[in-house]
Amino acid sequence: MAWTAKAGRAIPAGMKKGDHLFLVDGSGYIFRAYHALPPLNRKSDGLPTNAVLGFCNMVWKLMQDARNTNVGVVPTHFAVIFDYSSKTFRSDLYPEYKANRSAPPEDLIPQFGLIRQATVAFNLPCIEMEGFEADDIIATYSRLAREAGADATIISSDKDLMQLVGPTVGMYDPMKDRQIGIPEVIEKWGVPPEKMIDLQALTGDSVDNVPGVPGIGPKTAAQLLEQFGDLDGLLARASEIKQEKRRETIIANADKARISRELVTLKNDVPMKEGLDDLVLHEPDGPKLIGFLKTMEFTTLTRRVAEATATEIGDVQASAVTVERADTAHGPDVGAGAPPRQPIPESNGAAKPAVRGEDAPPQGDTPSLLSALRLEQGTARKIDPSAYTAIRDAATLKAWIAEAREAGALALDAETTSSDPMQADLVGVSIAIAPGRAAYVPLAHTSGNGDLLGGGLLENQIPVREALALLKPLLEDRSVLKIVQDMKYDIVVMSRHGIEVGPFDDTMLISYVLDAGTSGGHDLASLSEKWLGHAPAVKKELAGSGKNAIGFDQVDIERATKYAAEQADIALQLWQVLKPRLAAKGLVSVYERLERPLVPVLARMEQRGISVDRQILSRLSGELAQGAARAEEEIYGIVGERINIGSPKQLGDILFGKMGLPGGSKTKTGQWSTSAQLLEDLAAEGHELPRKIVDWRQLTKLKSTYTDALPGFINPGTNRVHTSYALAATTTGRLSSSDPNLQNIPVRTAEGRKIRTAFIAEKGHKLVSADYSQIELRVLAHVAEIPQLKQAFADGADIHAITASEMFNVPVEGMPSEVRRRAKAINFGIIYGISAFGLANQLSIPRDEAGAYIKRYFERFPGIRDYIEETKAYAREHGFVETIFGRRIHYPEIRSSNPSIRAFNERASINARLQGTAADIIRRAMVHMEEALDKAKLSARMLLQVHDELIFETVDEEVEATLPVVRKVMENAPMPAVSMSVPLHVDARAANNWDEAH
DNA sequence: ACAGAAGCTTA
DNA sequence: GTAAGCTTCTGTT
């Protein structure tokens, strides 16, 4: 640690190669600390000090880290830089610069001065300069350090400073403990540091009021700079930009871009009083620093500093003395680092298996006995990760394989580098043959310091190809059951390695069939806690999370073995507990017909993916950006200030505070509601602003959620988008889709539908869309046995018109659309477990009027009231409802004494029978579909499911033959398990894109 | 970095 | 009034 006497300024040879200058962005840090930390007031007089404490902790930690760690970053020079005032030369350039800054919060103001005092107390130079921002001073010192051959680290995460990053200048974000170098800048912004100025000139900055070019965000800016080199190149050749609107805005806003560039360019020749020599880092002066900290009443930090500097706290004067614990100040280890770690206490007592109140006691029949016995065994057994072994040679693996064959069943778990099975590289495989007898086969663990060529593969691992060749016959052996938690993931991964794993049982799906709706998820950790009373190792603790995560391939093999083998062991033990319960509860056929066979079907759909046209999305994105920018300007014009329109809080303040519009409801946190519904109502009353806000929201929603996000999901290997379907995520039996969610692609508005045109068929192919018409109402007509509805569906009539006709005694012929609309809302209301409140909301009518509608409806369709009452009674009695195929959906809270919770569960259970039955029907269709297409010698492939719709891709020539097969399979899906008393109807169409096919 | 609220998209 | 997932903002560690 450099410990240099302050050199006289007359001697210039201060900083040299090897030195390292730390530049703390004091002003930036003050705001972050203030907002990140809870309010804190000095006990003796209530002086606000949270930002001061945050600042002191950060500086102290930085100084400690710097001298302790071996990362090689040891500061020899150190400065804390502040803004002098908000008025700088930039205000002369552009009067609006930072003009929208509001005054700092009341309780932050006194802390500015205190933080400067703190800096002095730390014996650090405290630097500011009138007319310049802290950023300019940092730029100046960075340059001086570079020219002296020294390194510099800027302590900040402000993007405005990233233009300074270079080979010898880095940044460090102390709050996230993250280094920012050239690669990180490129990763975050898509351009190297030297192009950050041009990027910011294009994007602008709403916080600082730098205009930029409207509608150009970081993604577009990076792409343009890539294409044209720099801002000048771009402006000179703007006429070459392909996208019409973008070209026009850039040409029109060239001046804004130029002035923005001036604003964001940091001045690196600020005439500083203090030279580099004045920034030499000095040892903190213990008593001086402790005096300050005591004055601030920071007891913990005072104690730490006292320990590290061997200062006796009692010897130090403070203006406001606090009672200090007497156990400090004994250690002599100056600069020896952080205080000794407290030993972590042993985790508290053994977890107990949750006993499930809903479970019936053993009945005496075999399945119930077995299931009770297994449960007892499961909870009694210990799980001991130290007993697991790593299989590191072919001979051992062969022995395990032989043992598994003998057993006839094994649990399996693939370890990979990614949660996306389409991108995951196989790292290892774990297997379990009997409870506690589990092993891990590491295949591709690396030392973590391998180069890009894949070096660093650890020794004593069976080569992937060899291990998979040995495992393949076992994994494909029809006489050996494979037990897996979440089989779909493993199927996708293993099939990419040419292995078709089967037959299998999936513990996640068994749990889902048994316990959908009961508290707790169906993931392995939840199930292990619930059934085995054991909390398994957590992957995050091995591999980290977020930005700091490492691949599982970099986890050391010993730790990986404990984790991975345990996963397989738990899956096996869960299977032993859960599988017998299926038979005990009569749920085997639900599992075997609706769940298990769907797994490979969905795995294939996910692997196929769907083709998405990048150009269409990028064009749409540009259009949306411009539309949004236009709306934004109009809104600013009306409001008179540049608020953040995306902030409901600010929006509420403006609309209902400043502008005095009649505020409707408040949200549960007490904020004004700014929902679309409410804004529409205001617009209907003739207000101009709410309409524009609704428009802006639509445009930005479409842009951020769809046109900007979807291209990022295009798999570079397949050039298609592969969603992930969750089989056990909903309570009702529906699937869900994520990463990306392809079940909520817009369709209602013309603008939104354009996004569907980007989902396209391959050349020479068509997309086929087949969707069930009114499936939930048909299910309702069937289960509630409503004669009029059954007849209407049998006749192929307009169901909402018939409903209206029955209710209001008006003929279907010439019916006003408003009458039909109300009947339609009631029909949907029934499916959702109707309430007068909800119907009133939906139709914007008074609640008693809605109540009268419902009453009338029940008079005309008494069977529906009976159905609703039966469902509620059944759910209350059993704690679950069932679909017509026997799927159970639990509502444990239906007996709640809280009326609103109870009512909610009643509505949900009414809906679940209908939604769940519809979900079962389409599941059956999906399970039957592949064989039917195969039999008809058709090559159509199922790609997507959207609850009541299936999307296929097929060659042009087979379109006509495919449509009737698809329709038939879907319409007959309930058969032969159930014969419905209402026909199902499917509409199917083919086109080049999803919009036209739907 | 993460969690919750608000808002919006779908069936 | 049912069932989902994603983005942005906001507050906090």
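Numbered from 1 within each chain, the chains take letters A, B, ... in sequence-line order. Small disclaimer: the values here were computed from a predicted structure and weren't measured.
Residue-to-nucleotide contacts include no donor-acceptor pair under 3.5 Å from the side chain of A:Q743 to the base of B:dT10.
Note on A:T705: only backbone sugar-phosphate atoms sit closer than 4.0 angstrom, heavy atoms only; bases stay farther off. A:G646 comes within 4.0 angstrom of sugar-phosphate atoms only, judged by non-hydrogen atoms across all strands, and of no base. A:A918 comes within 4.0 angstrom of nothing in the nucleic acid, heavy atoms only. Across all strands shown, A:R734 has heavy atoms under 4.0 Å from base atoms, whether or not it also approaches the sugar-phosphate. Using a 4.0 Å heavy-atom cutoff across all strands shown, A:E949 reaches no nucleic acid atom at all. Across all strands shown, A:T700 has no heavy atoms under 4.0 Å from either base or sugar-phosphate atoms. Residue contacts for A:A836: at a heavy-atom cut-off of 4.0 Å it reaches no nucleic acid atom on any strand shown. If you check every strand for non-hydrogen atoms under 4.0 Å, A:I745 touches sugar and phosphate atoms only. Here A:F828 lies out of heavy-atom contact (under 4.0 Å) with every strand. A:R748 comes within 4.0 angstrom of a nucleotide base, judged by non-hydrogen atoms across all strands. As judged by a 4.0 angstrom heavy-atom cut-off over every strand, A:I834 is placed among the base-contacting residues.
A search for side chain to side chain donor-acceptor pair (under 3.5 Å) contacts involving A:W696 returns A:E632, not counting sequence neighbours. In this structure A:F759 satisfies the ring-ring contact (aromatic ring centres under 6.0 Å, His included) test together with A:W994, sequence neighbours excluded. Under the rule for a side chain to side chain donor-acceptor pair (under 3.5 Å), A:E870 has no partner lying at least two apart in sequence or in another chain.
Pairing each heavy atom of A:K488 with each of A:S724, the nearest pair is NZ-OG, 4.2 Å. In terms of heavy-atom proximity, A:L984 sits nearest to A:Y772 at CD1-CE2, 4.0 Å. Across every non-hydrogen atom of A:M942 and A:M926, the tightest pair is CE-O, 3.7 Å.
Comparing B:dG7, B:dT10, C:dT2 against the side chain of A:N744 picks out B:dT10 as the nearest. In the set B:dA6, B:dA11, C:dA3, B:dA11 carries the atom at the smallest distance from any side-chain atom of A:H998. Considering only the side chain of A:H947, B:dA11 comes nearest among B:dA11, B:dA5, C:dT2. Picking from B:dT10, C:dT2, C:dC9 the nucleotide with the shortest atom distance to the side chain of A:A908 gives C:dT2. Distance from the side chain of A:N911 is smallest for C:dA3 among the nucleotides C:dA4, C:dA3, C:dT8. The side chain of A:N741 lies closest to C:dC6 when the candidates are C:dT10, C:dC6, B:dA6. With C:dA3, B:dC8, C:dC9 as the candidates, the nucleotide lying closest to the side chain of A:S647 is C:dC9. Closest contact between the side chain of A:Y832 and the listed nucleotides B:dC8, B:dA6, B:dA11 involves B:dA11. Nearest to the side chain of A:D739, among C:dT7, C:dC6, C:dA3, sits C:dC6. Checked against C:dC6, B:dA6, C:dA3, the side chain of A:S738 finds its nearest nucleotide in C:dC6.
Remark: the A:T757 side chain and the A:D995 side chain contain no N/O donor-acceptor pair separated by less than 3.5 Å. Side-chain contact, A:E776 with A:N911: no donor N or O sits under 3.5 Å from an acceptor N or O. Side-chain atoms of A:R697 and A:T674 form a donor-acceptor pair, as typed in the model, at a separation below 3.5 Å. Defined by atom type and a distance below 3.5 Å, a donor-acceptor pair is missing between the side-chain atoms of A:R907 and A:S835.
Distances shorter than 4.0 Å separate none of the side-chain N or O atoms of A:T730 from OP1 or OP2 on C:dA3. For A:S675, no side-chain nitrogen or oxygen approaches OP1 or OP2 of B:dG7 to under 4.0 Å. Between A:S545 and B:dC2, a side-chain N or O to OP1/OP2 separation shorter than 4.0 Å is present.
Rounded to whole Å, atom P of B:dA11 lies 20 Å from atom CG of A:D920. One interatomic measurement links the two molecules: CH2 of A:W696 to P of B:dG7, which rounds to 13 Å at whole-angstrom precision. What separates CD1 of A:I910 from P of C:dT2 is a distance of 10 Å, to the nearest Å. If you take CG of A:L702 and P of C:dC6, they are 17 Å apart, rounded to a whole angstrom. Atom-to-atom, CG of A:D995 to C1' of B:dT10 comes out at 15 Å; the value is rounded to the nearest Å. Between the CZ atom of A:R753 and the P atom of B:dC8 there is a distance of 19 Å, rounded to whole Å. Rounded to whole Å, atom P of B:dC8 lies 11 Å from atom CD1 of A:I693. Rounding to whole angstrom units, CG of residue A:L944 and C1' of C:dG5 are separated by 15 Å.
Within residues 770-780 of chain A, no residue has a heavy atom under 4.0 Å from DNA chain B.
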What pairs of nitrogen or oxygen atoms, one from the protein and one from nucleotides 11-13 of chain C, lie under 3.5 Å apart?
none

Give the table of side-chain donor-acceptor pairs shorter than 3.5 Å for residues 839-856 of chain A, with sequence neighbours excluded, one pair per line with atom names and distance.
residue: A:E849; atom: OE2; partner: A:R822; partner atom: NH1; Å: 3.4
residue: A:Y853; atom: OH; partner: A:R822; partner atom: NH1; Å: 2.5
residue: A:R856; atom: NH1; partner: A:M807; partner atom: O; Å: 3.2

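Between A:F880 and A:Y874, the ring planes lie perpendicular to each other; the angle is over 60°, past the 30° to 60° tilted range.
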